[in-house]
Structures are given as C-alpha cells and as structure tokens.
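The structure's right below; bear with me while I get my questions together.
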Protein chains: 2
Amino acid sequence: MRNDQLKAELKKRNQRMTAQRELILRLFLEAGTEHLSADEIYHKVQGKNFRISKATVYRTIELLADIRLLRKIVFEDGVVRYELVEKGEHHHHHVICSNCGAVVEFHLDNLEELEELVKSRTGYTIEDHQLKFYGLCPKCQNAMKDKKSTSNEIK
Amino acid sequence: MRNDQLKAELKKRNQRMTAQRELILRLFLEAGTEHLSADEIYHKVQGKNFRISKATVYRTIELLADIRLLRKIVFEDGVVRYELVEKGEHHHHHVICSNCGAVVEFHLDNLEELEELVKSRTGYTIEDHQLKFYGLCPKCQNAMKDKKSTSNEIK
DNA sequence: GTAAGTGCAAAGGATTTGCGAATCT
DNA sequence: AGATTCGCAAATCCTTTGCACTTAC
C-alpha cells in the first residue's frame, strides 16, 4: 500500500522505483513507531545483506519526506530523525527524557482546533503542528533518587 | 538582574564571570524575542568591536543553557538556536513558515494542565513543553498565489 | 538507448577539542 | 600563584555534492 503510493508518486515525477528506495521505505514500515536517523537506517541496511551508500540513504529519506511518506523530527538533542506519516491517524506527540533521550508517544486529538486559532491570530495557514514534552522518564527518576541517597556528589 | 543570577550560579560552581559571558548574555537580553544561533551571536559580537572566538561562543551558550538562562530550540530546518527563558512568563510557542522560515510567537497558557495528564499517563515527570505550528506566512501565501496566476509551472 | 539513480570519495558546514597563552581572584 | 577561561587551529561529525558507472523503463 505505502509501496504503491510511492510508485505512483514516482511515476508522476518521472522518477524510478529502485531496490534501495523500496528497502528504506520497508525499514520505516517495520520500525513502526520508532524515529530513525540517517545513520540508523544506514546500519539497519547493513544487517540485511544489501549495501546502500550513505549518500543514497540521505537522498532517499529526503525524497520520502518530500512525498510526505515521512515526517522530519528534530528533538532538542539536535539529531535529525524521521518517522512514518500515519495518514488520517490521530495526531501523536512526543514525550522525551531529557536525561537519556528515551521517547514515548502521546496521543491527543483536540489540538486541531488550536490550528484555527493560530491561523486567525497570525495570518499563517497552518498545515501541521508538533508538541513535545520534556522531562525525566521513570527509569532516570529512580536512578537520580538512588544516586542522591548513596552519595553527596553534585552533578 | 539576569546578570546577578548568572554571577550567583557561577560562584556556586567555582566558575568566573568574564566579559565574554556578560556580553553574550546581554546580546540575548537585547535580542528580546529573537532566536539566535551560535553563528548569529558570533557575528553580532563582531559589530561590538570586541572579539570572541567561536569556541567561546559555543562554550558560553552551552553554559547559559545549563544554568537555564537559555533554552535550546531546534526548528525542523535543523538549525540549533537558543532563546531567553522568561521566568514565570506565560508559555509562548512558535509558528514557523515552512517556505521562508519566518518565525512568529504565539502565547498560550492552558497547556500546563496537559502536563499533568502526560505525567499520569506516561510516568514521566514533565519539566517543559514546546509546541510548534508549521505553515505558510502571509508573505509566502501571496507569493504562491502570484506565481500560480502568472504561470502554470508546478513547483 | 537514455535519463535517472547509485556509490564513492571529496567537499562543506557546524560543533567540539587540545593546548599554550591570557585572565580572574 | 593557581585555577579557570580564552583563542586558535586541528579534529570530528553529519550532510551534501561531483562524477563516472550502473540500472530501470
């Protein structure tokens, strides 16, 4: 299905379906909810006894993002990542641990109405929004607690 | 005031107040609502007949962010920027033009209650959140319209 | 057959790091 | 004086680009 969408869009642009493009799209489909960086894709490919150059990885994810099969996401750690765009799905947002970077998703619908408000207040046409929460995941909360009780070290 | 906060925190850490640190903090105070990258800070300094190396700019903004005088912000263009943290101020969010990158701020308070919800659903302790809207600014909307009416070119 | 896509290696750009010189206390 | 900070240049890391070779259509 996603594959057909890709093929159709490529045809429209006079571009070609290649094994590399198919594989990278598949990796995102398999990754499900994961957010992958170019480097992670590159390494996942190595495991599939198939070689794709880094340049192609970069070119391909850019293509997939252009077609809107992928969405670019940058957390405050500055690493560029991509995730599958779930068509017609409820918007999901990210909860990120500021200590270890663990990411959890959070579903929330009623932000769409906010887009209207933003539109009327700013004059921008709003196409998308991203909401991110930063804090400590349960694991890191415990780790901090332990540290505090066993020593007086700061930092 | 912000200056004193910086001095106090530095003392606590056995670190020193220097002209470089003072100037960079001042630039952020003067910039007001602007979001500045390391490079922008670096160039602003040149205009002040004072020389600060890029390394120091990077080290200083990291320090200021550590102390929580600055907040790191990364828009989807991947450029790392920083903004002043306004203590106790209403949360503001960003509306970003996906064509030209123009950023407008948008004030909104009632998202704090959401943090509670996230906390109970995920187990994370939430310290901060960031909401970003992506769309076309009025200028780019017009530019697109003009383009369409004068030619049939796509893209 | 021919335009589009790929791999490779080089180029770019942003950020970090090592180190001797300068500066604050 | 002694520790911290700075500037500089080199090193890293991530991403993009030029070009000859390969492949999809």
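Labels below follow one simple rule: chain letters A, B, ... track the order of the sequence lines, proteins then strands, and each chain is numbered from 1.
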Applying side-chain contact (heavy atoms from CB on, under 4.5 Å), run through A/Thr56 and A/Thr18 and close with a yes or a no.
-> CA-CA 11 Å; A/Thr56 298; A/Thr18 65; over 6 Å; no
Kindly point out which of D/dT4, D/dA24, C/dT15 is positioned nearest to the side chain of B/Arg16?
->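 Closest nucleotide among those given: D/dT4.
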Whole angstrom is fine here: how far is it from OH in A/Tyr58 over to C1' in D/dG18?
->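 My rounded result for the distance is 18 Å.
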Check the pair B/Glu105, B/Thr33 against side chain to side chain donor-acceptor pair (under 3.5 Å), reporting the backbone distance first and the verdict last.
-> CA-CA 8 Å; B/Glu105 290 185 7; B/Thr33 176; 2.4 Å; yes
Rounding to a whole Å, what distance do you find between B/Gln46:CD and D/dG7:C1'?
->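 Roughly 12 Å, once rounded to whole Å.
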Flag the pair A/Tyr134 / A/Val95 as yes when at least one side-chain heavy-atom distance between them is below 4.5 Å, and no otherwise.
->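 In short, these two side chains do not touch, never coming nearer than 4.5 Å.
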Pairwise 5' ranking along DNA chain D for B/Asn14 and B/Lys54, keeping only the more 5' one |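 It is B/Asn14, whose closest nucleotide lies nearer the 5' terminus.
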Please indicate whether A/Arg68 has more than 12 foreign heavy atoms, meaning atoms of other residues, nucleotides or ligands, lying under 6.0 Å from its CZ.
->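 No, the 6.0 Å shell around CZ holds no more than 12 heavy atoms from other groups.
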Euclidean distance, atom CD of residue A/Gln15 to atom C1' of C/dA3 [Å, nearest integer] |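 For the pair A/Gln15 CD and C/dA3 C1', the rounded distance is 12 Å.
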For B/Arg51 and D/dG7, is the shortest distance between a side-chain N/O and OP1 or OP2 below 4.0 Å?
->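 For D/dG7, neither OP1 nor OP2 has a side-chain N or O of B/Arg51 closer than 4.0 Å.
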Has A/Arg71 got its NZ or CZ under 6.0 Å from the middle of the six-membered ring of A/Tyr82, at an angle within 45 degrees of the ring axis?
->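 Judged by the rule, A/Arg71 and A/Tyr82 form no cation-pi pair.
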May I ask you to verify if any side-chain N or O of B/Thr18 is less than 4.0 angstrom from the OP1 or OP2 atom of D/dC6?
->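 Indeed, a polar side-chain atom of B/Thr18 lies that close.
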Between D/dT5 (P) and B/Glu62 (CD): distance, integer Å =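 Distance check: B/Glu62 CD to D/dT5 P gives 13 Å.
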What is the nucleic acid contact for A/Asp39, judged by heavy atoms within less than 4.0 Å: base, sugar-phosphate only, or nothing?
->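 The answer is nothing, as A/Asp39 stays clear of every strand by at least 4.0 Å.
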Is B/Ser53 near enough to D/dC8 that one of its side-chain N or O atoms lies under 4.0 angstrom from OP1 or OP2?
->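 No, because none of the side-chain N or O atoms of B/Ser53 sits under 4.0 Å from OP1 or OP2 of D/dC8.
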Starting at the 5' end of DNA chain C and moving along, which residue's nearest nucleotide shows up first, A/Val57 or B/Met17?
->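 Closer to the 5' end of DNA chain C: A/Val57.
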A/Phe50 CZ to D/dT23 P, straight-line distance once rounded to whole Å |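 That distance rounds to 10 Å.
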Pick base, sugar-phosphate or nothing for A/Val79, based on heavy-atom distances below 4.0 Å to the nucleic acid.
->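 Counting heavy atoms under 4.0 Å across all strands, no contact is made by A/Val79.
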Let me know the distance between NZ of A/Lys11 and C1' of C/dA4, rounded to the nearest Å.
->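 Nearest whole value for this atom pair: 15 Å.
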D/dG7 C1' sits how many Å from B/Ile24 CD1, rounded?
->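 Those two atoms, CD1 and C1', are 13 Å apart.
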A/Arg59 has an atom CZ; how far is it from atom P of C/dC8, in whole Å?
->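 Those two atoms, CZ and P, are 11 Å apart.
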Give a yes/no answer on whether the side chain of A/Gln20 brings an N or O atom under 4.0 Å of OP1 or OP2 in C/dT6.
->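 For C/dT6, OP1/OP2 do have a side-chain N/O of A/Gln20 under 4.0 Å.
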